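Read through the structure below, which is laid out as structure tokens, and then see the notes.
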Amino acid sequence: MGEITNVTEYQAIAKQKLPKMVYDYYASGAEDEWTLAENRNAFSRILFRPRILIDVSRIDMTTTILGFKISMPIMIAPTAMQKMAHPEGEYATARAASAAGTIMTLSSWATSSVEEVASTGPGIRFFQIYVFRDRNIVAQFVRRAERAGFKAMALTVDLPRGGRREADIKNRFTLPPFLTLKNFEGLDLGKMDKADDSGLISYAAGQTDRTLTWKDFKWLQTITSMPILVKGVLTAEDARIAVQNGAAGIIVSNHGARQLDYVPATIMALEEVVKAAQGRVPVFLDGGVRRGTDVFKALALGASGIFIGRPVVFSLAAEGEAGVRKVLQMLREEFELTMALSGCRSLSEITRNHIVTDWDVPRLLPPARL
Ligand code: GLV
């Protein structure tokens with residue numbers, strides 16, 4: 001292959017480079033993978049209404065997220081176990097995010113600890129968390145993330161149980177023996193056999209709490225002063241409840257299509273959530289973003305920013321830190337170009353009128369069969 005010219009190309013390289021079990025873990029979605037394809041496809045149901053003859057010699061992509069100024073509305077989503085992709089794993093991602101002037105969200109299932117990621121240098125970092133069965137573990141996680149200088153939490157709310165990822169079942173997925181879920185290390189884990197890492201992963205999986213409710217979200221607020229984003233909202237109903245419960249922001253996410261299959265693409269669910277949030281909290285999106293045009297479409301539908309997940313692990317697998325830097329750079333350049341060609345000079349100039357969607361046009365006739 002010649003020079004890499006877009007983010008998607010990293011996926012094929014990652015597939016060649018990684019052991020099948022690892023590649024499949026990152027790449028696959030739940031069950032029929034309908035939502036996985038839809039997260040991408042749905043972007044093609046949104047077209048541009050570009051404005052012309054506007055001086056676009058200066059484009060400002062900067063924005064402020066929860067009070068933190070970043071260089072562009074493109075941030076890094078939490079993805080688990082990045083050292084399976086590359087020996088530098090989360091360190092490389094953290095450095096690439098800092099170099100790009102944007103936010104990295106560290107997974108609580110990371111193969112690097114919050115302290116290790118903090119030691120890579122300055123950067124604005126969020127910490128993704130589950131409310132585990134053992135609340136004592138959650139409290140320890142929160143304290144460590146605060147001490148390590150993390151700025152916000154993203155509470156994942158779409159995983160009361162793990163989704164059915166058949167590739168992982170077939171491959172009997174397990175964390176390679178030389179890696180460990182670093183944030184669990186050194187915690188007071190009660191009876192767990194800490195010497196055994198495969199024990200650790202089943203321990204962590206066993207910590208998924210099916211009883212979780214908004215009460216637990218309220219509890220989490222009482223043990224931290226960090227703002228908490230609710231990650232995994234797909235409906236107006238839940239967006240309203242999240243706002244009522246004091247969420248600092250909402251991430252429209254279907255967990256990279258890894259949980260409930262046949263939920264809509266996140267870009268399809270976004271507008272309903274934005275309307276329900278009524279501008280009271282920022283709304284973000286992850287899932288399927290591979291182009292600068294996708295970023296623009298999300299912002300035109302009311303998102304304050306987007307997060308990328310798989311492009312990070314695939315580029316990490318291909319080229320380590322340089323790959324993640326390149327992904328962020330390519331998306332930045334594509335987004336800047338999209339703004340220029342649409343006649344927008346700053347994020348506040350991106351409006352709903354800059355796009356038209358399939359669902360804007362009343363369908364009087366059934367869609368033509370091609
Ligand atoms: C973890 O949350 C995963 O989806 O792999």
Side-chain angles (χ1 to χ4, degrees), residues 11 14 18-39 76-86 89-90 93 104-112 114 126-133 137-138 141 145 153-176 179-184 197-198 200-210 212 229-234 251-261 263 265-266 284-289 307-314 316-317:
Q11 181 158 357
L18 292 173
K20 180 173 162 47
M21 180 194 76
V22 171
Y23 173 79
D24 285 354
Y25 175 79
Y26 293 139
S28 58
E31 298 184 359
D32 299 332
E33 300 189 334
W34 183 87
T35 298
L36 186 66
E38 186 67 4
N39 268 356
I76 294 188
T79 51
M81 309 177 212
Q82 293 181 2
K83 284 193 180 173
M84 293 193 307
H86 188 274
E90 294 85 3
T93 305
M104 170 193 184
T105 316
L106 183 71
S107 166
S108 53
W109 282 45
T111 37
S112 312
V114 284
F126 296 171
F127 188 51
Q128 175 272 339
I129 196 164
Y130 296 104
V131 172
F132 298 112
R133 234 181 252 263
I137 295 181
V138 181
F141 266 44
M153 317 260 293
L155 176 68
T156 300
V157 292
D158 56 13
L159 202 138
R161 296 176 56 175
R164 186 177 167 79
R165 305 162 194 176
E166 291 179 10
D168 293 348
I169 298 169
K170 281 200 208 323
N171 295 332
R172 298 176 192 277
F173 173 80
T174 177
L175 187 63
L179 295 175
T180 184
L181 299 181
K182 278 283 189 158
N183 287 306
F184 286 85
D197 284 343
S198 69
L200 189 58
I201 198 165
S202 54
Y203 174 84
Q207 279 293 328
T208 305
D209 190 344
R210 299 184 187 187
L212 219 60
L229 304 171
V230 177
K231 174 174 175 284
V233 171
L234 289 172
I251 305 176
V252 175
S253 172
N254 51 33
H255 209 116
R258 295 159 76 76
Q259 285 296 103
L260 181 61
D261 200 14
V263 293
T266 48
F284 307 98
L285 170 138
D286 69 24
V289 174
F307 291 84
I308 50 167
R310 287 188 182 86
V312 171
V313 284
F314 293 147
L316 199 52

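In each ligand, atom 1 is the first atom listed, and ligand 1 is the first ligand listed. This is a predicted model, so every value here is computed, not measured. By convention here, the first residue in the shown sequence is residue 1.
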Problem set entry | Neighbour list for ligand 1 [protein residues, heavy atom under 4.0 Å] | Tyr25, Tyr130, Arg165, His255, Arg258
Seminar exercise, completed: Across all chains, not counting sequence neighbours, the side-chain contact (heavy atoms from CB on, under 4.5 Å) partners of Ala265 are Glu38, Asn39, Ala42, Ile267, Met268
Exercise. In chain order, what residues pass the side-chain contact (heavy atoms from CB on, under 4.5 Å) check against Leu36, with sequence neighbours excluded?
Worked result: Glu33, Ala257, Arg310
Exercise. Distance under 6.0 Å and angle within 45° of the ring axis: does Arg258 meet both against Tyr26?
Worked result: no
For this session: Find the distance between CD (Gln128) and CZ (Phe307) and round it off to the nearest 0.5 Å.
Result: 11.5 Å
For this session: Decide if the gap between the ring center of Tyr130 and the ring center of Phe141 is smaller than 6.0 angstrom.
Result: no
Problem set entry | Partners meeting side-chain contact (heavy atoms from CB on, under 4.5 Å) with Lys20 (sequence neighbours left out) | Asp24, Asn171
